[in-house]
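A short write-up of the structure that comes next.
Numbering of ligands and ligand atoms starts at 1, following listing order.
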Amino acid sequence: MKHYFNPMSRGVTTDWMLKELDAPHEQIIVDFTSDENNLPDFRKINPMGKLPVLVDNGIVVTEVAAICAYLADKFPEKGLAPAIGSIDRAAYYRYLFIAGNTIEPAFSLATSGLEHPDPRSAGWGDMPRVLATVEALTPETGWALGEKFTAADVVFGGLLDFSMIFNWIDASPKVAAYVARIRQRPAYRETHGAFIEMIGEK
Ligand SMILES: N[C@@H](CCC(=O)N[C@@H](CS)C(=O)NCC(=O)O)C(=O)O
């Protein structure tokens, strides 16, 4: 597997997922700040020009949540996804999809200072609705699906962590405590060195 990423991009989340799984892969660093990105033909792999990208046996997977879900299913023995058909799969999908579809667009729009469109027609609603949902979905203790850490935590918790690092949100005590638990994971710490340094956490 080839993992195209940059340690200062959202690719840290998929890097973290790979580390949680101890999945063998080749790391390819891409400079996402250059106009066409810095690798020849990178846009042929991902026309969005975005990181992260996973290529497995010639199959391209993009989008943080899709990559994490794909990896969790590829290594079922690692237990980072509930079994297909199990009841936990419902909540699992919800965490995976809501992160990129709903939470991130709302946070990004709010941070850019742009006005939100009508929340009834915008798929991401508005900040009050999203923050209420984040609060409701954040576990008081343990992890998104209960006692077992899963890819739902990598995606949902990873986005909350990213949002706190970049001051997109003023985290509630419950969200801050969940993110603090996330930050204690050895695989998180191994892959987030640049961010840990940035926020001054030891
Ligand atoms: N929806 C994408 C977002 C990825 C994304 O925005 N990546 C940024 C870096 S954090 C990027 O590659 N930007 C370079 C560009 O857009 O040219 C995902 O979940 O993977």
Query - Test of proximity, Ser9 against ligand 1: N or O pairs below 3.5 Å - result: no
Query raised in the report: Near Val64, which atoms of ligand 1 are under 4.0 Å from a heavy atom of that residue?
Result: 18 (C), 19 (O), 20 (O)
Report task. Check each of Pro52, Ser34, Gly49 against atom 15 (C) of ligand 1 and report the one with the nearest heavy atom. Result -> Gly49
Query raised in the report: Given Arg10, Met48, Met8, which has its nearest heavy atom closest to atom 3 (C) of ligand 1?
Result: Arg10
Closest protein heavy atom to [atom], given as residue, atom name and distance to 0.1 Å:
{"atom": "atom 7 (N) of ligand 1", "value": "Leu51 O, 2.9 Å"}
{"atom": "atom 18 (C) of ligand 1", "value": "Glu63 OE1, 3.3 Å"}
{"atom": "atom 16 (O) of ligand 1", "value": "Lys50 NZ, 2.8 Å"}

Query raised in the report: Which pair of heavy atoms, one from Met1 and one from Ala23, lies closest together, and at what distance?
Result: CE-CB, 4.1 Å
Query raised in the report: Which heavy-atom pair separates Phe32 from Met8 by the least distance, and what is that distance?
Result: CZ-O, 3.7 Å
Between [X] (side chain only) and [Y] (backbone N and O only), is there a donor and an acceptor less than 3.5 Å apart?
{"X": "Lys19", "Y": "Thr191", "answer": "no"}
{"X": "Arg189", "Y": "Arg183", "answer": "yes"}
{"X": "Asp153", "Y": "Ala144", "answer": "yes"}
{"X": "Asp56", "Y": "Ile59", "answer": "no"}

